[in-house]
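Step one of this worksheet: look at the structure below.
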Amino acid sequence: MRDAFLSTAIKVGLFAIVAVSIPVFAPAYALQQVAIAIAYAIAILGLNLLMGYAGQICLAQGTLFGVGAYVTAILNATYGISPLATLPVAAAVAAAVGLVIGLPALRLQGLQLAIVTFGIAAAFPQLLLKMGNLTGGVSGLPIDAPEMPHFMEDAPELWLYLVSLACAGVGALLVSRMLFGDVGRALRAQRDNPQIAQALGVNLTRARLWAFAASSALAGLGGGVFAMVSGFISPESFLAILSINIVIGSIVGGVTSILGAFVGGLFMVFVPSWASDINLSLGNLIYGLALILIMMVARNGVTGFIEKWLSMIFRRSAG
C-alpha cells in the first residue's frame with residue numbers, strides 16, 4: 001500500500017512538473033500542438049475507462065470525438081454560443097450517441113463488436129458530407145477562440161493550453177472517482193468474469209451501457225476542446241484512422257492508466273511528426289518501428305513500464 005501510494009505521488013508530481021514546464025520552454029506553435037494532444041488525451045482517457053476497466057472494445061472513439069467537435073462548432077458558428085459553454089453539451093450529446101453505439105455491446109463481444117464500431121467510424125465522414133447544410137460539408141466550420149482574460153490577450157496559445165489542461169483535469173478527476181468507488185468495482189468485475197459478477201448482483205446491462213456513455217462523454221469533451229483549439233474542423237479531421245490512432249495511443253500510454261492517456265495523446269501528435277522530420281520518405285516506417293520497439297520494451301504501456309521500475313526501486317530501498 002505504501003509503495004503504491006508513493007508511486008502514485010511520484011507520477012502525479014512528475015506530471016505536475018511537466019505541465020508547468022511546458023509553457024515555459026515550448027514555443028507558441030508547440031504549445032498549441034500540446035493543447036491538441038491534451039484534447040486527444042481526454043478521448044483516450046474515455047477509451048481507457050471502456051477498454052481497460054470495462055473490458056469493452058470500441059473502434060468508434062474517433063467518431064464520438066468528432067461528434068463533440070461538431071456540436072461545439074455548430075453551436076458556435078450557427079448560434080454564436082461561446083465555445084467554452086458548448087463543452088458540456090458536446091459531452092452530453094456524445095454520451096447519448098455512445099449509448100446507441102453501446103447497444104450492440106449487450107449482445108456482441110470481442111472482434112464482432114470491434115467490426116460493428118469500426119463500421120460506424122468508417123461511415124461517419126460520409127454522414128458529415130451528406131449533412132452539409134448543418135456541418136458545412138467539405139468546407140468545414142470555423143470556431144471562434146474562447147474569451148480570454150485581459151492579462152492573457154498577448155498569449156492566446158497559453159490560454160488554450162490552460163483551458164485544455166483544465167478540461168483534462170476535470171475528466172481525470174471524475175474517472176479516478178469512478179474507478180475507486182462501487183462503479184469501478186462493478187466494471188472490473190464484469191470485465192474479469194461476467195457470470196460471477198452477475199451472480200454477485202452486478203447489472204451487466206447497466207454497467208456496459210454506463211461504461212459506453214461515460215467513455216463517449218469524455219470523447220465528446222475531447223472533441224469540443226479539439227475544435228476550440230484548432231479553430232476549424234472538417235470531415236477530413238475525423239476519418240476512420242483517427243479511431244485506430246486513439247486505440248494506439250491508449251495502448252502505448254497504458255490502457256489501465258489515467259496518466260497514460262496523456263502519454264498516448266502526446267504520442268499521437270508528436271511521434272508521427274518527428275518520424276517524418278527524420279526522413280520524410282521513411283516516416284511511416286520509422287513510426288511503425290517506434291511502435292514495435294515500445295511494445296517490446298513496455299508491454300503494459302509507457303506508464304506500466306515506469307510503474308515497474310518504480311516498484312523495483314522501492315523494493316530495493318526497503319530491502
Side-chain angles (χ1 to χ4, degrees), residues 40-68 88 90-121 167-168 170-224 242-244 246-251 253-261 264-265 301:
Y40 287 134
I42 299 173
I44 294 173
L45 183 63
L47 188 61
N48 284 359
L49 176 66
L50 180 66
M51 195 163 64
Y53 290 95
Q56 302 294 310
I57 189 167
C58 178
L59 297 183
Q61 197 76 345
T63 295
L64 298 162
F65 186 82
V67 168
V93 173
V97 175
L99 278 175
V100 176
I101 294 176
L103 290 176
L106 302 178
R107 301 181 62 88
L108 302 176
Q109 295 292 314
L111 292 177
Q112 293 175 325
L113 182 59
I115 291 172
V116 169
T117 54
F118 185 72
I120 294 171
C167 292
V170 170
L173 180 62
L174 291 176
V175 170
S176 63
R177 292 291 300 271
M178 295 173 193
L179 294 178
F180 289 103
D182 293 337
V183 172
R185 286 189 286 271
L187 289 178
R188 286 187 286 268
Q190 67 88 31
R191 174 198 65 188
D192 296 336
N193 196 312
Q195 289 76 22
I196 294 178
Q198 191 170 26
L200 293 174
V202 175
N203 188 319
L204 298 183
T205 299
R206 182 186 302 171
R208 288 169 180 171
L209 288 179
W210 183 93
F212 265 94
S215 173
S216 301
L218 287 168
L221 176 61
L242 175 60
S243 293
I244 302 298
I246 290 176
V247 173
I248 291 173
S250 173
I251 296 172
V255 73
T256 56
S257 170
I258 292 176
L259 292 180

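- For R185, the salt bridge (Lys or Arg N to Asp or Glu O under 4.0 Å) partners two or more places apart in sequence, or in a different chain, are D182.
- Residues V247 and I57 have side chains not in contact (no heavy-atom distance under 4.5 Å, counting atoms from C-beta outward).
- Of the inter-residue distances, the one linking L173 atom CG with M178 atom CE reads 9.5 Å to the nearest 0.5 angstrom.
- The minimum heavy-atom distance linking A90 with G220 is given by the pair CB-O, 3.8 Å.
- With contacts defined as side-chain heavy-atom distances shorter than 4.5 Å, the pair L187/V202 does not qualify.
- A43 approaches F65 most closely through the heavy-atom pair CB-CD1, 3.7 Å.
- Put simply, OH on Y53 and CG on D192 are 12.0 Å apart, with the number rounded to the nearest 0.5 Å.
- Here CG of L111 is found 13.5 Å from CZ of F118. Values are rounded to the nearest 0.5 Å.
- To the nearest 0.5 Å, atoms CG (L204) and CD (Q190) are separated by 6.5 Å.
- Note that the CG atom of L174 and the CG atom of L179 stand 11.0 Å from one another [nearest 0.5 Å].
- L218 contributes atom CG, which lies 11.0 Å from atom CG of L64 (distance to the nearest 0.5 angstrom).
- Looking only at distances, a side-chain donor or acceptor of R191 sits under 3.5 Å from a matching main-chain atom of G52.
- Q56 contributes no side-chain N or O that, together with a main-chain N or O of F212, makes up a donor-acceptor pair within less than 3.5 Å.
- The closest donor-acceptor contact from the side chain of T117 to the backbone of L113 lies under 3.5 Å.
- The heavy-atom pair separating G46 from S215 by the smallest distance is O-OG, 2.8 Å.
- Under the rule for a side chain to side chain contact (heavy atoms under 4.5 Å, CB included), the partners of S243 that lie at least two apart in sequence or sit in another chain are A121.
- Judged purely by atom type and a 3.5 angstrom limit, S250 has no side-chain atom pairing as donor or acceptor with the backbone of I246.
- Panel note: side chain N48, backbone I258; no donor-acceptor pair is recorded below 3.5 Å.
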Q.
Show, in sequence, the C-alpha distance, side-chain angles and deciding distance for I115 and L59, and conclude whether the side chain to side chain contact (heavy atoms under 4.5 Å, CB included) test is met.
A. CA-CA 8 Å; I115 291 172; L59 297 183; over 6 Å; no
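- The two residues P104 and V116 make their nearest non-hydrogen contact at CG-CG1, 4.2 Å.
- Residues I101 and S216 form no side-chain contact, since every pair of their non-hydrogen atoms from C-beta on lies 4.5 Å or further apart.
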